[in-house]
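Structure, as structure tokens:
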Amino acid sequence: MIVEVPGQYNPKNVEDEVREFWHREDIYHRVRRLRSGGRRFFFVDGPPYTTGRIHLGTAWNKVIKDSILRYMSMRGYELKDRAGWDMHGLPIEVKVEEHLGFRSKKDIESYGVDRFIEQCKSFALRQKDEMTEQFKSLGVWLDWENPYMTLRNEYIEAAWWTLKRAHERGLLERGLRVVNWCPRCQTAIADSEVEYWDEKDPSIYVKFPVEGEENTYIVIWTTTPWTIPANVAVAVHKDFMYSKVRAWRRDGTYEILIMATDLIENVLKQGRYVDYEILESMRGEDLLSLTYKNPLQDLVPAQRDFVHGVHLADFVTAENTGIVHIAPGHGLEDYELGLEKRLPIFCPVGEDGRYTSEAGEKYEGKYVRDANPEVVEDLIERGALLASGELVHRYGHCWRCKTPIIFIATRQWFIRISDLRDQMLQEIERVSWYPDWAGSARFKDWISNARDWCISRQRYWGIPLPIWICRSCGAMEVIGTAAELEMRTGRPVEDLHRPAVDGVKLRCSCGGQMERVPDVFDVWFDSAVASWATLNFPREENEFRVWWPADFITEGHDQTRGWFYSQLGASMVAFGRAPYKSVLMHGFTLDEQGRKMSKSIGNVVHPEDVVGRYGADTLRFYVLSSNAPWEDLHFSWEGAMNVNRMLNILWNAYRFPLPYMILDKFDISRADTSRYDLRPEDRWIISRVNSLAKDIEENMAGYMLHRVTRSLQEFILEDLSRWYIQLVRPRTWIETDDPDKLAAYATLYTVMSTLVKLLAPFTPFLAESIYQNLVRGLDPGAPESVHMCDWPGYREDLIDKRLEESMSYVREISEAAANARQKGGRKLRWPVSRIIISSDEQLDLGDLLHVLRTQTNSKDVIVLPPGEKPEMDLEISLVQKKIGPVFKGESKDVVEALKSMNPREVKRIIDSGEPIEWKGKSYRITGEMVEFMEIPPANLIPAEFSKGVVYVDVTLTDELKAEGYAREIIRRIQDMRKELDLKVDEMIRVSVALDSSEVLGLISGWKDHISSEVRATLLRMGNDLDIEGELTKDWEVDGINIRVSVARA
RNA sequence: GGGCUCGUAGCUUAGCCUGGCGGAGCGCACGGCUGAUAACCGUGAGGUCACGCGUUCGAAUCGCGUCGGGCCCA
């Protein structure tokens, strides 16, 4: 049974009902079961971090995923769709620390690592549950009951197993490396965890005294004075020119400075020198024999033993002094140069960011960034400071606690990704990237610069490194699974997190005891193994063999360096190939002006706000249609409102025929269009919906979701609502069992039932709601949910491009006619006798002339043969320049004569060569004296369309006038019915008094028509009627006063 | 500083791959319809296609450069 539906589209009701239905009937599982055994589609969900709240970007991300998965399911694919959660790492530790009021790792240790881990775990699980509900409210169908979670033992094993593979392949190494270090979190952080923003720092020029040359200095520049105690060398560029300069101070003293020749003026200005002379110039490589002393060597005892030399390096740029201060313990490039030149890796700074005893008594214990002024002071005291100032520049910060990072040399664990770089570059060629440049340009660039991956973190809440080292002999062992660990110890380990695993000791083959290294994994390593962890590999192997690698993943463009990369890296280590076959890279969500959404600007839009106002379907359709997936989305409320309006129009188009269908007991036996003689417009809309399906399939193949949704929108608004529904409406009012009406029902049914299937992946709630009523209501044998239906596809034999083209002309002509009516002041309510279509081409309007007649409210449609126009009026303009010289003084008379004549007569005379007679004289007029112009006659109002001109004949006859007035009166009575809030079938009594006998006479023949249109049992019309009724109103139509009264019968 | 990307009407955008009349929606102005009605429809105004140079018979579209936004890197 089909039922009537309420007037306006109410997304909340629709979605609540559908959600309840899905839940009650367990539709999600039934859809998945239905497709089992189909071709496989392995999707891996990029795990969102459990922050507790989804934002617009994560909503978009999941909507893209859900739409594609729903589409693939309808196409018959069996899906792997486990949702994923990224639950370890610093962000949660920081949150828990805040909650407990902790300031450092010491607080955690004294609180107890086990209790701390428990807090982190329950926090992460709680956040996950909250976010799950939010995703569900968007209609996102993933396997929410059985998601993969990085904190689960089986997941941890996937990471362990992968590390073991790295070890077996010789790709795991431990080394002293300079890393980004957060002094607050006291851990190494990944390049990708560094956030840059402007910071004000000292900018100092320092003079290093050259050994063996009196009063001579090498000048360097730095923004980190605190690294000067660790300076062990300087670097120059081999091709740059350097000079020894005698620089004079205001007081007449001088010193000899070494720096890049091009930068002398700048440096001396900084140092307020008054004059200089160049003593000697040389290339960078000529400086290599120099040695110098660290100016702070009296404070930093270790410095006295170092030999400070000059080295060549490519990273030296022609900026500042052209000579770079090298502290291998505190800089990436410095460190690499240090290794190459065998410099001491001197790092007198501890994990807490404070100087160690190696920095000497004066500095020991001081926090390095706070020590900057003191170092500067000490340099001044020793005459080593050339200049100092301040500089605002971009500086890195810990992305979680916002502390400025420092670089220090620490012992860390690495995976030698750089060894795999070339293989990775080859692998990405085999992956399909959407858009293409995401892989061929962006990702390629990132991979080309790939460095070794520092995977160790000195924290608690993470996957513990499964590395055990023997205290006696230093032997190392990597454990791959919990079972393996149990085998080695004879005891199972309940939870593979810290601190439980910390206590596990292994026996070394040398007889000594092996202890786990205390570090945990970088969280990027967690998600990196998702494609096999989600299949529970290595615990289970069958699933892995059947499904892996992933068919499809999609994430934002920030994941180029993130998950796209970490997965590829881990997979290269583990399996030597890419873990995914295709990748769709999507954009970011920004505000309407294209700015980042941020709390401080106050421009954050929450997905639940949009859902609350317009519903999940609107949000979904909006984010999909707003722009191409890979471009940034500028969220606009107005845009969302528009989508909502479009869905409302769809709702109206859907509900309009329902009352008639119900009244006529329309049933499934009458739903097949092949039973009827369809009108051309019926065949047209069926052709259009098939074209639409074809278009969607083509665009889905390239994940062009914006094109798909825009095609749907265009079809709903233009083809269905604005055109077909208008055409079909009068047919539904026929009150008999007319085959033409039944054909219209069958067509509407076919179109709507196809359309909801096409919409199902994108607006799953609305599609389901319409499907349940219209399709299931009619055919209880149909699949129980629209999402269990097969994708409708398209039938090429039902696509009639010729008909579609004809209809597009018909629409154009109708619009042009409406335009002409407006110019001619003739409302659409008033019929016209004819419209005339003139074109240079043979227009193929098919059998659609009846459509044109009704849509233009015209009694006749005349299509002229190609190139012909209606007969035009002629207008003349006189060419005085030609007339003057011929007729001289009589010109005035000639002009007068010509103007008084009918232009047609003038043309006839010229063509025939006869003279004209005027005031007794005759004149011979030639063609050049007169120009003729054709203009349409006053009754034909022209309007252009793409293939020609439409003329609307606005000539009024009494007949047309009568019909026009009748319709004016009908309309006003209908208006009053509305005002009285009458039921559609309620009968009335009407009196109409009007002050024009002429009009009264005209409309008398329309009395019956008016009565039946407005459902009047009694209709009185007259010049001077006594008017009474429940409602009386005065109207004016074209200068005629009409008084109407209406009463219930 | 480097890689990628975007820049089209007041706003949001299509078109760019594959060169040939710049097309929508919103907003604005005017109008229509009244059996979708707190709905719907039409018409109009509104454009230096960021800027410059080049290729071409022809450039929003292809190439180079500049400026501005975004992401990533240094």
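What you see is a predicted model, and the numbers here were worked out from it, not measured in a lab. Order of the sequence lines sets the chain letters (A, B, ...), proteins ahead of strands, with each chain counted from 1.
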Open item on the list: Less than 4.0 angstrom between a side-chain N/O of A:Arg729 and OP1 or OP2 of B:A36, yes or no?
Closed with: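 Indeed, a polar side-chain atom of A:Arg729 lies that close.
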Open item on the list: Among residues at least two apart in sequence or on other chains, which ones pass side chain to side chain contact (heavy atoms under 4.5 Å, CB included) with A:Thr224?
Closed with: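 For A:Thr224, the residues satisfying side chain to side chain contact (heavy atoms under 4.5 Å, CB included) (neighbours in sequence not counted) are A:Thr222, A:Trp226, A:Thr227.
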Task: Pair A:Tyr660 and A:Phe666, ring centroids less than 6.0 Å apart - done: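 Between A:Tyr660 and A:Phe666, the centre distance exceeds or equals 6.0 Å.
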When the [atom1] atoms of [N] and [M] are considered, how many whole Å apart are they?
| N | M | atom1 | result |
| --- | --- | --- | --- |
| B:U56 | B:A50 | C1' | 23 Å |
| B:A14 | B:C6 | P | 11 Å |
| B:G19 | B:G63 | P | 12 Å |
| B:C26 | B:A9 | C1' | 12 Å |
| B:G52 | B:C33 | P | 48 Å |
| B:G10 | B:G20 | C1' | 30 Å |

Open item on the list: Suppose we screen for ring-ring contact (aromatic ring centres under 6.0 Å, His included). Which residues come up paired with A:Tyr951, at least two apart in sequence or across chains?
Closed with: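 ring-ring contact (aromatic ring centres under 6.0 Å, His included) list for A:Tyr951, sorted by chain: empty.
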- [ ] Only stems of 3 or more consecutive Watson-Crick or G-U pairs count here, both distances under 3.5 Å; name the ones for RNA chain B, or none.
- [x]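 Looking at RNA chain B, the stems formed by three or more consecutive pairs are B:1-7 with B:67-73, B:10-13 with B:23-26, B:28-32 with B:40-44, B:50-54 with B:62-66.
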What residues form a salt bridge (Lys or Arg N to Asp or Glu O under 4.0 Å) with [X], not counting sequence neighbours?
| X | result |
| --- | --- |
| A:Asp740 | A:Arg679, A:Arg731 |
| A:Glu815 | none |
| A:Glu631 | none |
| A:Arg971 | A:Asp975 |

TODO: Find the distance A:Trp437:CH2 to B:G70:P and express it as a whole number of Å.
DONE: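 Atom-to-atom, A:Trp437 to B:G70, this comes out as 16 Å.
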Open item on the list: Does anything in residues 703-714 of chain A come within less than 4.0 Å of RNA chain B? Heavy atoms only, and list the residues if so.
Closed with: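 Contacting residues: A:Arg707, A:Arg710.
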Filtered N/O pairs between nucleotides 39-47 of chain B and protein, under 3.5 Å:
unit_1	atom_1	unit_2	atom_2	d
B:A39	O2'	A:Asn652	ND2	3.2
B:C41	OP1	A:Arg722	NE	2.2
B:C41	OP1	A:Arg722	NH2	2.7
B:G42	N2	A:Gln822	NE2	3.1

Open item on the list: When you measure from the side chain of A:Asn699 to the backbone of A:Asp695, do you find a donor-acceptor pair of N or O atoms at a distance under 3.5 Å?
Closed with: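 Side chain of A:Asn699 to backbone of A:Asp695, a donor-acceptor pair under 3.5 Å: yes, one is there.
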Task: Any pair counted as salt bridge (charged side-chain N to carboxylate O under 4.0 Å, His left out), so long as it reaches residues 709-721 of chain A, sequence neighbours left out - done: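 For residues 709-721 of chain A, and leaving out neighbouring residues, the salt bridge (charged side-chain N to carboxylate O under 4.0 Å, His left out) pairs sorted by first residue read A:Arg688-A:Asp719, A:Glu718-A:Arg722, A:Glu718-A:Arg811.
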- [ ] If a pair satisfies salt bridge (charged side-chain N to carboxylate O under 4.0 Å, His left out) and one of its residues is in residues 438-450 of chain A, list it, with sequence neighbours excluded.
- [x]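 Applying salt bridge (charged side-chain N to carboxylate O under 4.0 Å, His left out) to every pair that reaches into residues 438-450 of chain A, excluding sequence neighbours, yields A:Glu429-A:Lys444.
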Task: Qualifying residues under side-chain hydrogen bond (donor to acceptor under 3.5 Å, both in side chains), relative to A:Glu968, sequence neighbours excluded - done: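 Here the qualifying residues are A:Lys827, A:Arg829, A:Trp830, A:Arg972.
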